[in-house]
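Please read these numbers as outputs of a predicted model, since none were measured by experiment.
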Amino acid sequence: MSKIGMNETVVSADLKYFNPNEYELQFKRADLDISLNDKYVGKTVLDTLIRIPGRDTFYVPVQMKVNLKQLFSNAFSMLLTNEMEVKVNGVIRIGRSGFFMNMPVNYSGKQGIDW
């Protein structure tokens with residue numbers, strides 16, 4: 001956490017992705033909304049060029065503005081379980097050889113929490 005406040009807290013994280021293609025790509029931009037246990041907690045915007053290796057895992061550093069009031073409403077239920085439902089929706093800009101296109105992102109899944 002780089003900035004802490006009740007209405008807005010900035011959280012940094014490295015998101016892990018896998019490129020199933022055999023060729024290298026470039027990740028240029030992301031504009032994503034994040035929800036935890038069906039409650040919207042924040043938005044992340046990434047505007048930097050990242051090289052994505054073919055058929056390999058890569059990491060994308062992100063900063064997200066989080067509404068702590070929304071996060072605290074989930075705090076008790078998160079303490080009682082070792083996983084939470086994560087939803088990520090938005091658009092990423094990805095391409096190769098100077099040709100970029102917008103791709104929708106609609107991820108929903110359970111993520112483990114290590115306490």
Side-chain angles (χ1 to χ4, degrees):
M1 289 189 213
S2 57
K3 175 185 168 191
I4 299 173
M6 279 308 284
N7 290 328
E8 184 177 283
T9 297
V10 177
V11 177
S12 298
D14 290 326
L15 300 179
K16 181 180 176 181
Y17 293 94
F18 179 76
N19 177 11
N21 302 300
E22 61 184 55
Y23 47 85
E24 182 178 294
L25 295 170
Q26 290 181 321
F27 184 99
K28 194 172 188 177
R29 181 174 170 80
D31 189 354
L32 305 169
D33 292 317
I34 313 292
S35 296
L36 302 176
N37 293 338
D38 291 322
K39 297 209 183 211
Y40 176 79
V41 292
K43 176 181 206 68
T44 183
V45 175
L46 177 67
D47 193 12
T48 196
L49 192 63
I50 297 172
R51 182 181 90 47
I52 302 170
R55 293 197 190 229
D56 200 0
T57 300
F58 65 100
Y59 295 89
V60 177
V62 297
Q63 282 193 337
M64 179 174 65
K65 293 179 181 177
V66 176
N67 183 332
L68 278 186
K69 290 178 187 175
Q70 290 292 346
L71 193 58
F72 283 143
S73 67
N74 283 330
F76 187 68
S77 64
M78 286 191 300
L79 289 173
L80 296 177
T81 183
N82 289 337
E83 65 181 20
M84 72 173 67
E85 178 75 20
V86 176
K87 290 184 182 176
V88 180
N89 293 300
V91 176
I92 62 170
R93 188 153 181 84
I94 198 163
R96 181 174 175 208
S97 302
F99 175 73
F100 289 88
M101 56 192 252
N102 291 331
M103 300 285 293
V105 173
N106 295 304
Y107 170 80
S108 178
K110 300 255 184 206
Q111 295 295 313
I113 304 171
D114 294 327
W115 294 112

Correct closest heavy-atom pair for T44 and Q63 would be OG1-O, 2.9 Å

Can you hop from Y23 to I94 via hydrophobic side chains spaced under 4.5 Å? yes

Tell me whether M101 is reachable from F27 by hopping between hydrophobic residues (I, L, V, M, F, W, Y) whose side-chain heavy atoms are closer than 4.5 Å. yes

List the atom pairs, with distances to 0.1 Å, where a side-chain N or O of residues 46-59 and a protein N or O form a donor-acceptor pair under 3.5 Å, not counting sequence neighbours.
unit_1, atom_1, unit_2, atom_2, d
R51, NH1, E24, OE1, 3.2

Under the side chain to side chain donor-acceptor pair (under 3.5 Å) test, which residues partner Y107, sequence neighbours left out? Q111

Mark yes or no for whether D33, through its side chain, and K43, through its backbone, hold a donor-acceptor pair below 3.5 Å. no

May I ask whether M103 and Y17 are part of the same hydrophobic cluster, defined by side-chain heavy atoms of I, L, V, M, F, W, Y residues being less than 4.5 angstrom apart, directly or through others? yes

May I have all residue pairs that pass salt bridge (charged side-chain N to carboxylate O under 4.0 Å, His left out) and include part of residues 86-102, sequence neighbours excluded? D38-K87

Report yes or no: do L32 and F100 belong to one cluster of Ile/Leu/Val/Met/Phe/Trp/Tyr joined by side chain heavy-atom distances under 4.5 Å? no

Are L25 and V105 joined in one hydrophobic group, where the rule is that I, L, V, M, F, W and Y side chains link up if heavy atoms are under 4.5 Å apart? yes

Got I92 and N102 here, is their nearest side-chain heavy-atom distance under 4.5 Å? no

